[in-house]
Structure formats: C-alpha cells, structure tokens
Number of protein chains: 2
Amino acid sequence: MDSPQLKLSNQICFPLYSVSRLITKAYKPYLDEMGLTYPQYLVLMVLWENDGLTVNQISEKLLLNTNTLSPLLKRMEKMEILKRNRSSEDERSVIVQITEKGKQLKTLAMPIPENLIKTLLTENISMENVIQLKDMLNEWIKILTDKDN
Amino acid sequence: MDSPQLKLSNQICFPLYSVSRLITKAYKPYLDEMGLTYPQYLVLMVLWENDGLTVNQISEKLLLNTNTLSPLLKRMEKMEILKRNRSSEDERSVIVQITEKGKQLKTLAMPIPENLIKTLLTENISMENVIQLKDMLNEWIKILTDKDN
DNA sequence: TGCAATTATATCGTGCACGATGCAAATGTA
DNA sequence: TACATTTGCATCGTGCACGATATAATTGCA
C-alpha cells in the first residue's frame, strides 16, 4: 500500500505544528530578556489590552482551559507580574490584575512584533500573504472551536 | 501607549499556535482509536514511509531533538509499536524499526487525512488555499531552521 | 424554599517540548 | 598512535497542554 496521503510531506498539520514551535523558538531570545515564556507573554498581551479580566475571560481569549491557565497564572503571580483575587460579586470568579512590574514589561515587548515579522517576510512571502494566512487561520479557529461546543 | 502591534488580534504566531493545538485536538478521536498521541502518529508516518531510520534521521524529519524523541520512542517501544537497536556499524546510533503491530496501525490511519481535510475546507477556503498556506509554512520552516544553525 | 444542575476555578496525572548536561563511540589531527 | 573534538543518544528539570476529577458558589426550577 502506497498511501501518499500518509506521507509527512502531504500533511497540513505537521507544518503548522512545526512552524508554531519554530516561531515560538524565534521569540525566545526576546522573551528570555523579559524572563517570560511564550504562553506567559500571551497572558500579558491580553492584560495589557484589557486589565482586570477573570480567569474565564482570559481562557476564552487564549483558547486555553483553566487546567492550563490556573498553574500558569499562579506562576506569574509568584513572579509578581500579576495578582489574583476572588471577585466579590461572584465568589467563584478570580479577577486577574497586572502589577506595576507587569506593566513595565510592555516597554520591553514593544519592539518584538516588528522584529519577528522581519524574519518572516521573504522574496516569496509578502505582508499581504501573511495577512491572508492569518485570515485563513482565524477562519479555522472559528470552525474548530465551534465543533468543540 | 496604544501599541496596536501588541494586540492579540494583530499577532501571527498566536493563530498559528492555536490552530496547531486545535487541529491536534481534531485528530484526537481518530488517534484515540489507535491508542496514539499526535507526536507518536508523526513518528509512525515517518517509519511507514521509511523504516529502519536512526533516531537522528527521525529527528531531522520531525524537527524534534533527541531530548524529545528518546522518551517518545521509548514509550512507543514499550507499546510494542517499534523496536530500538544499536547500529553495528556505528555503535552510537540507534536504529528504529517498526513492528508488525506498528505496520497494522497504518490501515486504521488511512482514512484520517481525508476526514481531517474535510473539516478544513469551507466556502472561503479551497484546497488551493490550503496548498498555498502549506507552501508558505514550508518556506518559513526553511528560514527558521537555517537560523538555528 | 429545597435541591439538582450549572458555572468558575483548581488539582492531578501523563505526555510532550526543550535547555542543560552527561557519556560513550567515532573522528580528526598533531 | 595519543588525545582533543565531534557526534549520537539519553537523562534531568521545568513549563506547558489537556483529559479527568474535585469543590465551592451560583442558578434554575419544581
């Protein structure tokens, strides 16, 4: 049985999985300076944009469940990047607030996106191509998160 | 400071990271039937295509280092999906060979790719679009693996 | 009101990823 | 031929991901 559909080179998920890992690795030197991991950086981007969200609201934005987020936020609290407090309105909810230290990391993060995108633009790949790719990925996110529910 | 470049919606890595995870999750029902994880499935795809490779050769194909692969292969050997033996030519190398059980899993895997691609094709996303996306990802893999060395 | 169902978060166990380190075999070179 | 260097693999520690499960607060409804 030849089955070309099972060849690695014909897969779509494998390049997605690899590029995701490789780009995360490309972030590493910048994130190391900030003492952050990539998922921690994602949490900070959410909080920089919108502070004081609940764990659940962060979960929805990052598409990560609380079994991933809770320990992650716990570590970040220990690092004094954010604080977690029970909501007084709904004692089940935990409100996450960024600290001064967390806010200051934003300055260090400012140049990261431009540096990263420079790496990804080539003779064959324009900014337009990247936008197009992002649109496709966002449509897939819509499809694949709908399926879950 | 407004810094739109730090908004989650303007990132390219975040949708890559999310889609990679979500597609892996879409594989899960199929892989569960086979008792495999996604990385284990990747190893099998390599071996189905080319049996008897060394750990290093698998490492190059999957872009995973031995610190990830060694434990993964060890688990797969325990599951009796493959065997690991020192090469007699070069005692440093370990040659990985698929077992009968591993070969038989291929039959179960055959329909997976088509089922997966059905999920990913929509009104707005054609097979052509997917191919184009894959080409972009492969170019990025080239760039980002060159950078490493 | 009473109580089952739902919701929000946390914990546990397992399996990746990956940087750092170790070790033995092979290679290169003085 | 000695021996430093390189190569191939493995192990360790840490931090995700994620399914399963637990717990407490809230909600819904008979």
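Numbered from 1 within each chain, the chains take letters A, B, ... in sequence-line order.
- The nearest heavy atom of DNA chain C to A:Ser70 and to A:Tyr17 marks one nucleotide each, and the one closer to the 5' end goes with A:Ser70.
- Protein chain B contacts DNA chain C over a range whose 5' and 3' limits, counting nucleotides with an atom under 4.0 angstrom from a non-hydrogen atom, are C:dG15 to C:dA26.
- Listed in residue order, the members of residues 75-87 of chain A having a heavy atom less than 4.0 Å from DNA chain D are A:Arg75.
- What you find for A:Ala26 and B:Leu144 is that their closest heavy atoms are CB-CD2, 4.2 Å.
- Judged by distance alone, the side chain of A:Ser20 and the main-chain N or O of A:Leu16 form no donor-acceptor pair under 3.5 Å.
- Residue B:Leu69 is classed as having no contact, given no heavy-atom separation below 4.0 Å to the nucleic acid.
- The stretch residues 26-46 of chain A comes close to DNA chain D through A:Thr37, A:Pro39, A:Gln40, each having a heavy atom under 4.0 Å from the strand.
- Proximity of B:Ile81 to B:Leu36: side-chain heavy atoms (C-beta onward) are separated by under 4.5 Å at one or more points.
- In this structure the side chain of A:Leu133 reaches within 4.5 angstrom of the side chain of B:Ile12, judged on heavy atoms.
- Between A:Gln5 and A:Asn10 the shortest side-chain heavy-atom distance does not fall below 4.5 Å.
- Side-chain contact check for A:Gln40 versus A:Leu72: some heavy-atom pair is nearer than 4.5 Å.
- Atom NZ of A:Lys134 has more than 12 heavy atoms from other residues, nucleotides or ligands within 6.0 Å.
- B:Ile131 CD1 to B:Met136 CE: the interatomic distance, rounded to the nearest 0.5 Å, is 14.5 Å.
- Atom CD of B:Glu80 has 12 or fewer heavy atoms from other residues, nucleotides or ligands within 6.0 Å.
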With salt bridge (Lys or Arg N to Asp or Glu O under 4.0 Å) as the criterion, how do B:Arg84 and B:Glu77 come out once you've worked through the C-alpha distance, each side chain's angles and the decisive distance to 0.1 Å? CA-CA 7 Å; B:Arg84 299 183 302 159; B:Glu77 185 172 41; 3.1 Å; yes
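- Within residues 51-65 of chain B, the residues that place at least one heavy atom under 4.0 Å from DNA chain D are, in residue-number order, B:Thr54, B:Val55, B:Asn56.
- Interface residues of residues 88-96 of chain B facing DNA chain C, ordered by number: B:Glu89, B:Asp90, B:Glu91, B:Arg92; criterion, heavy-atom separation under 4.0 Å.
- Residues B:Ser93 and B:Asn56 fail the side-chain proximity criterion, which asks for heavy atoms closer than 4.5 Å.
- In this structure, B:Phe14 and A:Leu62 have side chains that are in contact, with non-hydrogen atoms separated by less than 4.5 Å.
- In summary, the aromatic rings of A:Tyr41 and A:Tyr30 are positioned with their centroids too far apart to meet the 6.0 Å limit.
- In this structure the side chain of B:Leu22 never reaches within 4.5 angstrom of the side chain of A:Trp140, judged on heavy atoms.
- Within the 4.5 Å cutoff, side-chain heavy atoms of B:Asn129 are placed close to those of B:Ser126.
- Note on B:Leu73: it does not cluster hydrophobically with B:Ile95, by side-chain heavy-atom contacts below 4.5 Å among ILVMFWY residues.
- No more than 12 heavy-atom neighbours from other residues, nucleotides or ligands sit within 6.0 angstrom of NZ on B:Lys7.
- Counting only Watson-Crick or G-U wobble pairs whose defining distances are both under 3.5 Å, the stems of 3 or more consecutive pairs in DNA chain D are C:1-30 with D:1-30.
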